[in-house]
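Have a look at the structure below before the remarks.
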Amino acid sequence: MSSSNFLRGTLLLTGASFLSKFLGMIYVIPFTNMVDETGMTLYGFAYVPYSIMLSISTIGVPLAVSKFVAKYNAINDYYTSMRMFKVGTFIMLINGIIAFLIMYFGAELIAGWTVDKDNKNITLNEVKHVIQMVSFALLIIPGMAIMRGFFQGNKSMGPTAVSQVIEQIIRIIFLLVTVSVVVVVLQGKISTAIGFAAFSAFVGGIASWVVLAFYWKKRKKYIDAAIASQKYKKKIPISILVKELLRYAGPFVLIGIAIPLYQMIDQFTFIHAMSEIGKRDVADIVYSVFTVQGHKLVIIPVTIATGLSLALIPEITAAYNAKDMQKLKKQINQALQIIMFFVLPAIFGLIILADSIYGSLFNLDNLALTGKVFAWYAPVALTFAFFTVTSSILQGIDRQSFTLISLSAGILTKILLNSLFIQTFEEIGGAVLVTLIATSIAVLLNLWQIKKAIDFQFRKFFKLTFLMIIFTAIMVFGILIVKVTLGMFLDVYHNRVHAIIMMLIGIGVGGTIYLYLGYSSTLFERITGRRIAIIDKLLRR
């Protein structure tokens with residue numbers, strides 16, 4: 001595959017992932033306005049365990065299949081690639097059924113760990129119902145993910161990108177229509193609406209299957225022709241295929257399950273801890289902000305940065321296997337710098353404009369509290385992004401087993417400190433602070449292992465990061481001037497239009513300042529290795 005095609009495919013997947021995350025953020029706006037923070041908390045209670053169960057049930061097999069298929073296609077062994085696809089599909093179908101049964105019949109147990117029996121805002125039966133509704137998606141999503149992995153292994157990124165976007169669009173349409181009918185038209189219970197919202201994952205999965213089946217029908221004849229043209233077909237025992245597949249799959253599980261694990265600890269401790277200190281009345285609101293709405297916002301810059309960084313992982317792997325240490329270190333440095341370049345300014349922009357962003361997108365109720373919690377949550381974007389990328393780098397340099405150690409250290413920190421910090425920091429969300437501490441520990445351990453494994457030096461990374469900090473500081477100064485000036489005329493706490501104006505102007509000014517500084521100083525070019533023609537024209541270079 002040529003580098004241009006590789007880049008095009010990577011950008012296609014990154015773009016599709018970004019669009020999917022963006023749509024996932026946009027629908028939360030009307031959704032929150034219909035069901036409020038309490039409804040979003042109930043929704044989060046279902047989706048966090050679902051995300052974990054999905055990661056466990058797929059056990060990283062879809063991405064492993066992609067890697068496996070690419071490997072055997074490279075040596076023209078299409079027969080083995082197809083056999084692996086069939087084996088992987090069978091494993092995923094069985095795992096999906098088992099995961100569904102565990103989640104559906106274990107819903108009451110999970111609900112009991114989440115809320116107290118005498119909880120008046122969200123009852124145990126409501127949590128159980130929503131968890132059972134979302135569990136149906138486990139029947140079809142794992143098998144669908146395998147097909148995406150197979151297409152990617154065949155260097156065909158279109159099916160994954162298109163199916164991913166269509167899945168999100170259909171899911172959102174079903175969710176918003178059913179919730180609006182239940183809440184607005186029928187004046188029904190919020191818990192009923194949230195149940196339909198959770199079931200939308202199944203509907204979206206069906207839509208994705210239809211798209212992938214269309215691509216499969218179009219391309220199967222070419223796959224069959226490639227297999228038929230293969231003269232020698234070595235029949236590797238299934239046990240060996242499964243063993244190799246699972247060896248590839250292991251590291252992907254840890255990366256995919258990391259964020260949901262931190263959220264799961266919050267789910268099992270936050271409400272109980274807040275009740276212990278007499279803050280039950282605001283617990284649902286705070287939990288909703290950093291688990292659902294806030295998370296949807298901060299994950300957008302994370303998606304862009306990690307997408308661009310992870311595009312370098314195949315090159316990192318190739319450089320490591322070729323023992324080209326100079327190129328290896330250059331690629332690792334580039335991957336880390338991309339994260340810092342995109343996420344750092346985004347975090348400070350979110351922090352400064354937290355009140356206006358949250359108020360304009362969701363609602364103005366309790367904005368003094370929700371804006372503060374959102375501002376605290378924003379920095380987590382950086383540690384989440386760094387953990388994802390450093391874990392992938394460790395895989396590329398054959399140190400993937402260390403990810404288990406770093407993730408375990410972070411999770412153990414979260415478990416030990418969560419209740420204590422929640423009760424100490426009360427309303428501002430001590431759970432968020434613990435997540436930041438825990439993920440930072442995991443990231444630092446990964447960076448230490450990278451340094452130890454290949455004698456990686458961070459001097460250049462720190463040098464450019466210092467420049468990014470200076471540019472971010474200038475950007476922050478510009479946003480603060482906008483905020484103070486407009487604050488004389490706008491009331492973002494009581495007028496949504498004012499909040500929207502503040503958000504748009506603040507983001508526009510901040511983004512323009514940072515983009516200009518990063519591009520005119522050639523910082524962007526030094527990090528990505530390329531210039532962008534449209535920005536050259538805008539800046540008249």
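The chain is numbered in sequence order, starting from 1. Just the heavy atoms: all of them, side chains too, but no hydrogens, waters or symmetry mates, feed the values below.
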* **salt bridge (Lys or Arg N to Asp or Glu O under 4.0 Å) partners of Glu276, counting only residues at least two apart** => none

[X] (side chain) donor-acceptor with [Y] (main chain) under 3.5 angstrom:
X      : Y      : answer
Thr388 : Phe384 : yes
Ser200 : Ala197 : yes
Asp324 : Lys327 : yes

* To do: Apply side chain to side chain contact (heavy atoms under 4.5 Å, CB included) to Asp284 and Glu37, showing your working.
  => CA-CA 7 Å; Asp284 292 339; Glu37 272 80 6; 5.9 Å; no

* After noting the C-alpha distance and the side-chain angles of Phe341 and Tyr514, does the key distance pass the side chain to side chain contact (heavy atoms under 4.5 Å, CB included) rule? -> CA-CA 10 Å; Phe341 181 83; Tyr514 190 80; 3.5 Å; yes

* To do: Would you mind telling me which of Phe268, Phe270, Phe45 makes a ring pair (Phe, Tyr, Trp, His ring centres under 6.0 Å) with Trp113?
  => Phe268

* Asked: Is the centre of the Phe374 ring less than 6.0 Å from the centre of the Tyr377 ring?
  -> no

* **side-chain hydrogen bond (donor to acceptor under 3.5 Å, both in side chains) partners of Thr439, counting only residues at least two apart** => Thr383

* To do: Using a strict 4.0 Å threshold on nitrogen-to-oxygen distance, state whether Asp266 and Lys414 make a salt bridge.
  => yes

Would you call the rings of [X] and [Y] parallel, tilted or perpendicular, where under 30° means parallel and over 60° means perpendicular?
X      : Y      : answer
Phe386 : Phe461 : perpendicular
Tyr50  : Tyr47  : perpendicular
Phe100 : Phe136 : tilted

* Gln457-Asp455 side chain donor-acceptor pair, cut-off 3.5 Å -> yes

* To do: Taking the side chain as every heavy atom from C-beta outward, state whether Leu336 and Ile393 have any atom pair closer than 4.5 Å.
  => yes

* **Sole residue of Arg148, Gln164, Arg171, Gln168 in side chain to side chain donor-acceptor pair (under 3.5 Å) with Ser208** => Arg148

